There are 2 protein chains.
Amino acid sequence: MNHEIGIVDVAKAAGVSIATVSNVINGKGRVSGETRRKVERIIAELGYTPNLPARHLKTNRSDLIGVVVPTMQPGRLQDNPFYWDLLAGVEEGARDGRYHVILTGIDEERETLAFVKERRLDGLIVVGAGEGSPLVPRVAALGVPAVFIDSYLRSPELNQVVLDDRSGAHAATAHLIGLGHRRIALLTGDMPPEQLPYFGVLYERLLGYRDALEEAGLPYEGDLLLRLPTSLEGGFEAARHVAALPDVTAAFAFSDVMAMGLVKGLREQGKRVPHDYSVVGFDNLFVSEYTAPALTTVSQDILAKGRVAVRMLLGQIDGVGDPARRIVLPAELIVRETTGPAGAANARNN
Amino acid sequence: MNHEIGIVDVAKAAGVSIATVSNVINGKGRVSGETRRKVERIIAELGYTPNLPARHLKTNRSDLIGVVVPTMQPGRLQDNPFYWDLLAGVEEGARDGRYHVILTGIDEERETLAFVKERRLDGLIVVGAGEGSPLVPRVAALGVPAVFIDSYLRSPELNQVVLDDRSGAHAATAHLIGLGHRRIALLTGDMPPEQLPYFGVLYERLLGYRDALEEAGLPYEGDLLLRLPTSLEGGFEAARHVAALPDVTAAFAFSDVMAMGLVKGLREQGKRVPHDYSVVGFDNLFVSEYTAPALTTVSQDILAKGRVAVRMLLGQIDGVGDPARRIVLPAELIVRETTGPAGAANARNN
DNA sequence: TTGAAAGCGATACCAC
DNA sequence: GTGGTATCGCTTTCAA
């Protein structure tokens, strides 16, 4: 029956009151150097570790931040290799701030987020909830510090971390145009086009694409938008459609997984990349450099996204009112091997 | 100053004692159906949510399970796309059991795991700590339910979930031998060979490789082991060495990332896959099917690994003493396009 | 600079 | 079946 040693045991052993021990632990109040040292020694000797639930009951905090990722099939965390890096960035930053990270996949529609209040979470990082998501008002209603990643929410009150998707897409498109491509298919994912505005990330990329077209005096043609799932399979499937589109010599996919599927699909159709078709992706997944041919893509530093988001969140928790409510991270075009001049292929495709 | 509504408020509103409310909430004690309904109604009306830290203080639990992933550089979660699926499986299972998942990257050497006691974690899932890891005794010393994933620890006391690595490697090697390959290079990662036994996963795979060799009456040659980092770059780098090894016509990499790097490196050397060299990977990453050529590899269901691990852990937490201390998941060889007959190339390589 | 004591919001024992 | 109350381990006034 050797009970866990608590603050009282430390106090007893040190011959001081528990209040003093508490002060030492928290570095608060006035404690003489001598008392402090003695208490610290006893703590080390006894191997005392604080009981956090008790502390949290008293302080009404939890030293916990939640990372919320919407699930696809109810119950299944979204299937995106991308998120691991994000999480790694968050976790790293949280740990530096003596916080821990709690990960939850939630059903965007149904979830009430009750656990946030129940567990007294100190803050929330919400990944990929668009403007239309019911999650957004619910999170706001909680009154808990929160940061949204990749959300493009209109409310200026909300803290957000996003990528400069528009510039990234612009660069990608301009690159293709510069190579002589005139009709560029777009793989946006399987969002209905009219809902695109609610998924800011995709919409911004669409805008970037249009920007570049416009700059070059090229028309924006709605029928170049291919609506297929954001997955390897979706991209693969898209190849058929791309090949059927007259005069199209290039495609821009809003994710690397789609781009990779597309390249594979195109090859399966007897088309060569980049000879017959140029392909650009988005994300710069760790594998994108190692596909054959290596994928030209728009790079984003996902780890940094996670780091920035926690930093922002912790700032808000500690009441350091950060005026910058929305942080935009840079996107960079990385030209590799899936893009080339439109020349040769053009002649044949026409 | 509208304070959070607590159990007392519910009790007051329902005209019962807090003890009764507590009983209703926890489904314990004897409560009449009528009282129960009334209390439940009041709870719903008031929107009462329990204060978990308080409950946890009292119960000395936390409804939290920790997932521990050793980091490479101290502070950085290991860089493996693989882990997201694992985590997704764990999270899903935990949620079903009303638990939450807390994720921590730790420095294997230094970390004391103090947070486990401090937060009163109910259980721990430790990923990839080998037999030699200081983590293992530390976790055992905590006296907290724990499950080790991919660890191959000798102690029969410890709960483990592993893949049938040996069979998987055997199948891969036998496949190559069946195709006529006689000298098969091995990309094990950058572990010193003498330490391999301490990293069970790799060691088991090595054993599987030897099994297959032996069955075929082929010699095991130590100089076919290439020691390079488990990464795309490592695999790429390995290509030079593989190409320099006389009579080698195939390589087996202990991870898909290495295999992918290797294929790329080989091609860069002017070698064709599978014409000049056959390559087999391990893991069946989601991209492996979409590389060109598609990677022949040993497949494991990582999501299932996570699911199985939590199930095992929760069983242990709830005291349902599961007799199976070690669960072995099946591995399956998936033959795709990076492997082919040794014939033609053999002639030239000699 | 230190200590006594009042909670924080639950759970659970024991009496009724 | 129901209710009073001690208790969990800590933080935090307020006095000394």
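Note that the structure is predicted; figures quoted are calculated from it, not measured. We name chains A, B, ... by the order of the sequence lines, and we start the count at 1 in each one.
Heavy-atom minimum distance, Y48(B) versus I7(B): CE1-N, 3.6 Å. Residues S17(A) and A11(A) approach most closely at C-CB, 3.7 Å, considering heavy atoms. For the pair D150(A) and L163(A), the tightest heavy-atom approach, listed with the atom from each and the gap, is OD1-N, 4.2 Å.
An OP1 or OP2 oxygen of dT1(C) is reached within less than 4.0 angstrom by no side-chain nitrogen or oxygen of T35(A).
For the pair R61(A) CZ and dC10(D) C1', the interatomic distance rounds to 14 Å; values are reported in whole Å. In this structure, NE2 of H56(A) is placed 12 Å from P of dC10(D), rounded to the nearest angstrom. Following rounding to the nearest Å, N60(A) (CG) and dC10(D) (P) show an atom-to-atom distance of 18 Å. Separating the CZ atom of R119(B) from the P atom of dC8(D) is a distance of 23 Å, rounded to the nearest angstrom. The nearest whole Å value for the distance from the CG atom in D63(A) to the P atom in dC10(D) is 14 Å.
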Between N or O atoms, less than 3.5 Å apart, protein on one side and nucleotides 14-16 of chain D on the other: list the pairs.
none

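Remark on DNA chain C: of its neighbouring residues V31(A) and L57(A), the 5'-side contact belongs to V31(A), judged by nearest-heavy-atom nucleotide.
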Fill in the blank from the handout: 5' to 3', nucleotides 10-16 of chain C under a 4.0 Å protein heavy-atom cut-off (B base, S sugar-phosphate only, - none) gives BBB----
Practice task
Kindly indicate, with the supporting measurements, whether the criterion salt bridge (Lys or Arg N to Asp or Glu O under 4.0 Å) is fulfilled by E91(B) and R95(B).
Solution key: CA-CA 6 Å; E91(B) 198 278 331; R95(B) 188 145 30 88; 2.6 Å; yes
Practice task
Begin with the C-alpha distance, continue with both residues' side-chain angles, and end with the deciding distance and a verdict on side-chain contact (heavy atoms from CB on, under 4.5 Å) for R61(A) and Y99(A).
Solution key: CA-CA 11 Å; R61(A) 309 171 17 78; Y99(A) 285 84; 3.4 Å; yes
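At a threshold of 4.0 Å, the pair R41(B)-E45(B) counts as salt-bridged, since one of the basic side-chain nitrogens sits closer than that to a carboxylate oxygen.
Among the candidates V90(A), L64(A), I125(A), the single residue satisfying the side-chain contact (heavy atoms from CB on, under 4.5 Å) test with V101(A) is V90(A).
Checking side-chain atoms of E111(A) against main-chain N and O of L113(A) turns up a donor-acceptor pair under 3.5 Å.
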